[in-house]
Trainee: 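Pasting a structure here, questions to come.
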There are 2 protein chains.
Amino acid sequence: MATIKDVAQRAGVAPSTVSYVLSGSRKISEDTRIAVRAAVEELGYHPRASARTLRSARSHVLALAVPRVPGKYRGTDGTFAIDISDAARGHGYDVVLITDLAGVAAMRRVAGSGMADAAVLMAVEEHDARAAALRETGFPAALLGRSEDAPGLPWVDLDWEAAVALALRETVAAGHRRIVFLSSAEHEISARRGYALHGLAGARLAARESTADIRIVPSSGEPEKLGRALREALAARPAPTALVVQHLILLPHLLDEIAAAGLRVPEDLAVVLVGSFPDDVGGRPLPRIELPVTEMSAAVVRLAVGAVGTDGSVPSGEQPPHRLIAPRMATGSAIRPPSEPSS
Amino acid sequence: MATIKDVAQRAGVAPSTVSYVLSGSRKISEDTRIAVRAAVEELGYHPRASARTLRSARSHVLALAVPRVPGKYRGTDGTFAIDISDAARGHGYDVVLITDLAGVAAMRRVAGSGMADAAVLMAVEEHDARAAALRETGFPAALLGRSEDAPGLPWVDLDWEAAVALALRETVAAGHRRIVFLSSAEHEISARRGYALHGLAGARLAARESTADIRIVPSSGEPEKLGRALREALAARPAPTALVVQHLILLPHLLDEIAAAGLRVPEDLAVVLVGSFPDDVGGRPLPRIELPVTEMSAAVVRLAVGAVGTDGSVPSGEQPPHRLIAPRMATGSAIRPPSEPSS
DNA sequence: ACACAATGTCGAATCGATTCGACGAATCGA
DNA sequence: TCGATTCGTCGAATCGATTCGACATTGTGT
């Protein structure tokens, strides 16, 4: 492996000169620059990351803390990881995955070993010990998803309240008068997850401002319970003509239940998804509010990179930097009006 | 941030002694060991990763090259990334994501900068330039998925031939006599992807050895084309009673088509999935052959870690280390026998 | 009592890049 | 022609941990 010395020797200059050519932090004559560049090319030289990091105290690495519920996966997480990595590369950063179940110990290791310059925390939980550990050490971090339990840390989130409200408004605008909103699962609501609470708030807002009949039904993580709640909601008379869904993990099961109830989508029942991404629908032409994964990833990386070199959080009382992303409908997914004019 | 010098000072010993206590590579008296341990604890000392790497030429990092089709995601990839990270931690390694679209340049950067000790390549494509670049530089690597285009590199794969054969055999054993096998998509087959070819081979094998009527139908990445192929296959008379599916990306659409044809699953048509993982079914009780993500991840990490310190590939002619994983049915998913006895 | 081995600890060199101060040569004004 | 600048390059110190050889100190055998 070629080192900076080899390059210097080959170019007939001092190692420091090579460094200056590469970093551009001092004026170097045209001739020398060309000679050094040639030597770099010929030897296929790459600076050793560890040496650079040791000297400069910058690793150009972001640590991405992925939430882990043992034995349970969410495709979304991996998608975010990929997009976050892409965004980080755009800022000259690499991303290392932190998937340890022992989140706190892992965060301490990251902060202590200097293996990363900042952290991105996905899906912050209610009493997130990881965030607390980071604040304690003053390690720079940014959150993907809001959390009242990590005050002072920069965050990014989809505006779930606006997203649900938008979905309901659009459904009403398409002509529907009796709409069921299937919220997040009960356990997510009682765990006070940000997306669950804000989504619910959006539904209440839309219900209040609209003359249409909007019923809010909590979803469930258990297929049977979900099925029961759904059947009950659809059995109301006059029958609802549209279903707006925020809880997408069991979407296939949901559609099975609808089919089992003898309803066709979208002729008998329009189905609108909130916060979904393409994988969710698997080729089905369902209208939906996009989960802007790429945009959220870019934003959270920008915040994390911006926090590098700072003490990681803002004094209590002040607003940390943040970004609340406006929802929008996925292109090419119109909501089907109800078949017979609602009375 | 505490350094080894601080710890040494506090414990009243030389820095080298601290190092020996931590690494255990030399005999140290009980007393000193206790004193050093205490100092480490009190200062919350963590060795600086960059210094360690610089000196020892080992980063204890694996680079995970994620396949990128721009704008296209596969939930599977993220799931593998998480499981690979878990497995790596078990060996004392961290995982950095390499998602660059310019795969070759990224591989060169990884190999040149010493930021990782070995690479794991996911879903190796037909003429994989990344693998070639790695072989060229002699960088240690292991592949997730077989590829004839990366000879000499260690690999891990599900035995897709056995998986498809097993699914068909089990379907026959459940009493089905007329079975449709929906293979990988045409473009995957013509791109000569390993899983597509081996799956097809498994179907042919099962068709040959069984007296049941097994029809092989190629799938498609385009929903409309897939729908046409499926309708045609189901229209055969006497009607098929079971559908074995390897191409899962459009599964929801597939099930819609079945429903649209007026068939109930599984009463009118048993559906069996090959190489799926829980996310695919979203709460549906479909029988399926598991995609052993965790097992594959553990195996590929073991190979990659084993390759650290070697020149990365095996002399041509010799077999590289590899692992072909035997398929098995997911628990709790029996295949429903056909409703009326087949004639 | 004396040579000699074993034990535990230390000092110094090393990994490779960055960066500050210094120094020789070229350039300028008077 | 001489002192003052400016320009381009160099040498050396530095980041923090590892590791080899050396050196006390204690223990063993005769």
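Residue numbering restarts at 1 for every chain, and letters A, B, ... go by the order of the sequence lines. FYI, side chains are in, hydrogens and waters are out, and symmetry mates aren't considered; it's all heavy atoms of this structure.
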Trainee: Could you work out which one of D:dG16, C:dT9, C:dG16 sits closest to the side chain of B:R48?
Mentor: D:dG16
Trainee: Is any side-chain N or O of A:S29 closer than 4.0 Å to OP1 or OP2 of D:dT9?
Mentor: yes
Trainee: Any salt bridge between B:E295 and B:R323, counting N to O under 4.0 Å?
Mentor: yes
Trainee: Between C1' on D:dC10 and CD1 on A:I28, what's the gap in Å once rounded to a whole number?
Mentor: 10 Å
Trainee: Which heavy atom of A:A119 sits nearest a heavy atom of A:F139, and at what distance?
Mentor: N-CE2, 3.7 Å
Trainee: Just the rounded figure in Å: distance from P of C:dG16 to CG of A:D6.
Mentor: 9 Å
Trainee: As a test of reading the structure: which of D:dC15, D:dC20, C:dC20 is closest to the side chain of A:R26, going by heavy atoms?
Mentor: C:dC20
Trainee: Taking the side chain of B:R55 as its heavy atoms from C-beta onward, which of C:dA17, C:dA13, C:dC10 lies nearest to it?
Mentor: C:dA13
Trainee: Could you check how far NZ of A:K27 sits from C1' of D:dT5, rounded to whole Å?
Mentor: 14 Å
Trainee: I want to check one thing: is the phosphate of C:dC10, taken as OP1 and OP2, less than 4.0 Å away from some side-chain N or O of B:T17?
Mentor: yes
Trainee: Can you tell me the distance, in whole Å, between the CD1 atom of B:I4 and the C1' atom of D:dC15?
Mentor: 14 Å
Trainee: On a heavy-atom basis, which atom in A:A87 and which in A:A298 lie closest, and how many Å separate them?
Mentor: CB-CA, 3.9 Å
Trainee: Would you indicate what A:T53 reaches in the nucleic acid, counting non-hydrogen atoms under 4.0 angstrom: base, sugar-phosphate, or nothing?
Mentor: nothing
Trainee: Here's a test of your reading of the structure: between A:P15 and B:A51, which maps to the more 5' nucleotide of DNA chain C?
Mentor: B:A51
Trainee: Quick one: A:Q9 CD to D:dC10 C1', roughly how many Å, whole number?
Mentor: 15 Å
Trainee: Heavy atoms only, 4.0 Å cut-off, all strands: where does A:S19 land among base, sugar-phosphate and nothing?
Mentor: base
Trainee: Kindly indicate whether the side chain of A:Y93, heavy atoms from C-beta on, has any atom under 4.5 Å from the side chain of A:V308.
Mentor: yes
Trainee: For B:D31 and C:dT7, give me the distance from atom CG to atom P, rounded to whole Å.
Mentor: 17 Å
Trainee: Specify the separation, in whole Å, of atom CE of A:M115 and atom P of D:dA17.
Mentor: 16 Å
Trainee: Under 3.5 Å, is there a donor-acceptor pair linking the side chains of B:T53 and B:S50?
Mentor: no
Trainee: Mind listing the closest non-hydrogen atom pair of A:P320 and A:P154 along with its distance?
Mentor: CB-N, 3.9 Å
Trainee: Among the candidates D:dA17, C:dT18, D:dC10, find the nucleotide nearest to the side-chain atoms of A:R52.
Mentor: C:dT18
Trainee: Scan every strand shown for a Watson-Crick or G-U wobble partner of D:dC7, both distances under 3.5 Å, and answer none if you come up empty.
Mentor: C:dG24
Trainee: Please work out if A:S16 contacts a base, only the sugar-phosphate, or nothing of the nucleic acid, heavy-atom cut-off 4.0 Å.
Mentor: base
Trainee: Please tell me if A:Y45 has a side-chain N or O lying less than 4.0 Å from either OP1 or OP2 of C:dG16.
Mentor: no
Trainee: How long is the line joining OH of B:Y20 and P of D:dG16, in whole Å?
Mentor: 20 Å
Trainee: Once you apply a heavy-atom cut-off of 4.0 Å, does A:V13 come out as touching a base, just sugar-phosphate, or nothing?
Mentor: sugar-phosphate
